[in-house]
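Below is one structure, written out as structure tokens, with a few remarks after it.
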Amino acid sequence: MLEDSREQSGHPRGERDGDRGPSRPAIADSWLARSAPEVAPELVGCVLVRRVGETVLRGTIVETEAYTADDPACHAYRRQTKRNAAMFGAPGLVYVYQIYGIHRCVNIVTLREGVADAVLIRALQLEACPPDEVATTQRQLDRLAAGPGKLCRVFGIDLPLCGTRLDPAGELWLEARSPEFSDGLDRGELQLVQTARIGITRGVEIPWRWYLKDCPAVSKKG
DNA sequence: TGAAGGATTTGT
DNA sequence: CAAATCCTTCAC
């Protein structure tokens, strides 16, 4: 079991006390062996964990989108290429791509090897400000990972991670929803909203975007 | 071999 | 609403 990184002394601001709880169980590849539209809403509430050296960053997923092999918006819709090859891999692989020459976006590959299904992680709710970031207000912290490009920048997710496997012993992995999050959904205190996907030109009508209602860390408008 | 354009973000 | 910015993808 992975221990949280020890608290670094000397961070005068931005650190909060919410990062000491026990880690949730890591999500198994078998759990991801379902179609992307099935997995995507269930990934909301799960935690994306990133380790870079001694630093461990955690963020609750609050917005996702699903892409499938027969979906015209999918990068792998036409055929397998060098860029999208990871999407054809086994569930539990990571697919990272560069967009507009500037940003990176990260996907979780689902379903099964040979079929290009993946879930785009679009926004994270951070519990604490990463050491290299600046967030003096709660609002700034909320917006730090509010978007697929922003969360990759904050988590240091780049192209070398493309094709690697989610692994609690590695640099990137997923943890299951907390009981509190699941209870919140059960009680209706937390609600998932399903809408059309954002920023695409094909498959525009397909409603495969999910986000946490009223969450301040969701990209654009909730 | 070349050009178009993209699962975005930011500022005007 | 347009720029930034780069490399994959697809057409010639």
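Just the heavy atoms: all of them, side chains too, but no hydrogens, waters or symmetry mates, feed the values below. Just so it is clear, the model here is predicted, and its values are computed rather than measured. The sequence lines fix the lettering, A, B, ..., with proteins before strands; numbering per chain opens at 1.
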Handout entry: 5' precedence on DNA chain C between Ile102(A) and Asn84(A) (nearest-nucleotide basis)
Key =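 Nearer the 5' end of the strand: Ile102(A).
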Fill in the blank from the handout: Partner of Leu144(A) under side-chain contact (heavy atoms from CB on, under 4.5 Å), picked from Glu133(A), Arg139(A), Lys150(A), is Glu133(A)
Problem - Aromatic centroids of His75(A) and Tyr67(A) separated by under 6.0 Å - result: no
Practice task
First locate atom CE of Met87(A), then atom CG of Asn107(A), and finally report the distance between them rounded to the nearest 0.5 Å.
Solution key: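 It is 6.0 Å, given to the nearest 0.5 Å.
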Practice task
Would you mind checking if Arg165(A) and Asp29(A) are paired as a salt bridge, meaning a charged N to carboxylate O distance below 4.0 Å?
Solution key: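 Answer for the salt bridge query: yes.
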Handout entry: Charged N-O contact under 4.0 Å between Glu65(A) and Arg122(A)
Key = yes
Handout entry: Contact boundaries on DNA chain B for chain A, cut-off under 4.0 Å to non-hydrogen atoms
Key =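 Answer, 5' to 3': dG6(B) to dT10(B).
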Exercise for the section: Rounded to whole angstrom, note down the P distance from dT5(C) over to dG2(B). Expected result: 23 Å
Practice task
For Arg83(A), report the nucleic acid contact type (base, sugar-phosphate, nothing); a contact means any heavy atom under 4.0 Å.
Solution key: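 Contact class for Arg83(A): sugar-phosphate only.
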Problem - For atom OH of Tyr100(A) and atom P of dA2(C), their distance in whole Å - result: 14 Å
Exercise for the section: Send over the distance from His103(A) NE2 to dC7(C) C1', rounded to a whole Å. Expected result: 15 Å
Problem - G-U wobble or Watson-Crick pairing nucleotide for dT9(B) (cut-off 3.5 Å, both distances) - result: dA3(C)
Exercise for the section: State whether Arg78(A) places a side-chain N or O below 4.0 Å from either non-bridging phosphate oxygen (OP1 or OP2) of dC10(C). Expected result: yes
Problem - NZ or CZ of Arg79(A) within 45° of Phe88(A) ring axis and under 6.0 Å - result: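 The answer is no; the distance or angle limit is not met.
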Handout entry: Given dT8(C), dC10(C), dT5(C), the nucleotide with the shortest approach to the side chain of Arg79(A)
Key = dC10(C)
Handout entry: Proximal nucleotide (of dA4(C), dC7(C), dT9(C)) relative to the Gln98(A) side chain
Key = dC7(C)
